[in-house]
Amino acid sequence: MDAENFEPVGVPVQYEPDDFMRFIRQRRSHRHFKSKAVPKKIIQQLIEAARYAPTGSNVQSVEIIVVEDAHRKRILSDLSVDFFAEAGAKAAEQLRTMPVESRTPARLQLEKMVRYRNNMLQAKSVGYDPIFHQAPVVLMFHSPLETTTPKDNCVIASTTVGLFARTLGLESTYIGLLEIAARSYPPLAEAIGLPTGHQVQSVLITGYPKLKFLRHVDRNPIKVRWD
Ligand SMILES: Cc1cc2nc3c(=O)[nH]c(=O)nc-3n(C[C@H](O)[C@H](O)[C@H](O)COP(=O)(O)O)c2cc1C
């Protein structure tokens with residue numbers, strides 16, 4: 001790194017803990033967005049936030065693909081749905097030969113794949129995009145797999161971006177479905193066009209939210225062992 005770029009830290013930013021906790025709790029997954037585009041300058045600010053997220057051994061391996069073009073989003077979403085449609089059909093086939101009474105994790109997983117398939121095909125039949133939820137911007141965080149912590153690096157970067165985005169009036173949702181499909185379905189991986197050896201590790205959709213949440217959600221207490 002160039003020593004010239006090590007700017008003085010300046011006055012430390014101090015948040016009220018209660019305010020910051022409310023900021024964390026006010027982060028919710030948004031899947032309804034205004035049709036307003038996100039200015040390029042704002043997207044660049046999001047990318048800048050990712051730049052300062054930590055990475056294992058400071059490898060700085062995270063790269064981002066920004067998708068705004070409606071046609072590109074459509075291609076990636078359609079291929080993801082194709083993957084879940086195929087996987088769901090195979091799961092339904094496997095379930096037919098399984099004893100109904102066995103509530104094993106394997107069976108539950110197959111049932112989930114069938115549910116994904118049915119929900120996605122139903123959403124698509126009414127013109128709804130079940131992968132990107134009509135969001136104006138998709139951010140795909142990818143990294144070479146050969147770094148020690150590719151997933152952690154990308155997830156920490158996307159989490160940092162998702163929180164920072166809120167300061168700019170944007171809201172987001174993680175899209176694990178795209179990540180699963182990209183990992184498992186070569187036609188989708190090819191359409192994304194990753195550099196050799198890279199894998200998508202975290203995906204965010206973002207945009208200006210159409211709806212406001214009025215209540216915080218409750219959550220189960222974290223199980224803790226004070227060791
Ligand atoms: C790793 C991860 C993957 C997710 N994948 C999806 C997804 O593919 N599609 C979606 O609509 N929401 C997805 N979500 C959003 C979760 O459903 C959501 O975070 C959860 O229901 C809690 O709600 P909240 O984010 O509003 O607090 C994902 C969240 C996480 C953390």
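Note that ligands are numbered from 1 as they come in the structure, with each ligand's atoms numbered from 1 the same way.
Nearest non-hydrogen protein atom to atom 23 (O) of ligand 1 is R219 NH2, 3.4 Å. Here the protein heavy atom with the shortest distance to atom 5 (N) of ligand 1 is G176 N, 2.8 Å. At the shortest separation from atom 28 (C) of ligand 1 among protein heavy atoms lies Y174 O, 3.5 Å. The closest protein non-hydrogen atom to atom 9 (N) of ligand 1 is I175 CD1, 3.7 Å. Of all protein heavy atoms, the one lying nearest to atom 25 (O) of ligand 1 is S29 OG, 2.5 Å.
The backbone N or O of A50 sits nowhere less than 3.5 Å from a side-chain atom of T160 that would complete a donor-acceptor pair.
Where the criterion is an N or O separation shorter than 3.5 Å, residue side chain and backbone included, V217 fails it with respect to ligand 1.
At a heavy-atom distance under 4.0 Å, only side-chain atoms of T173, from C-beta outward, approach ligand 1. With a heavy-atom cut-off of 4.0 Å, R25 does not touch ligand 1 at all.
Atom CE of M21 has 12 or fewer neighbouring heavy atoms from other residues, nucleotides or ligands inside a 6.0 Å radius. No more than 12 heavy atoms of other residues, nucleotides or ligands sit less than 6.0 Å from atom CG of D218. Atom CD of Q44 has more than 12 heavy atoms from other residues, nucleotides or ligands within 6.0 Å.
For atom 1 (C) of ligand 1, the protein comes within 4.0 Å by no heavy atom at all. For atom 21 (O) of ligand 1, no protein heavy-atom neighbour is found at a distance under 4.0 Å.
The shortest separation from a heavy atom of E179 to ligand 1 is not under 4.0 Å, leaving the residue out of contact.
With no hydrogens or angles considered, no side-chain donor-acceptor pair links Y185 and S80 at under 3.5 Å.
Between R115 and E111 there is no salt bridge, since no side-chain nitrogen of the basic residue lies less than 4.0 Å from a carboxylate oxygen of the acidic one.
Figure legend: K73 and F132 shown without cation-pi pairing, the cationic atom not lying both under 6.0 angstrom from the six-membered ring centre and within 45 degrees of its axis.
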Exercise for review: Could you go through the side chain to side chain contact (heavy atoms under 4.5 Å, CB included) check for Y208 and L170 one step at a time?
Suggested key: CA-CA 5 Å; Y208 295 102; L170 297 161; 3.7 Å; yes
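One option in R31, R27, R28 has a heavy atom closer to atom 12 (N) of ligand 1 than any other, and that option is R31.
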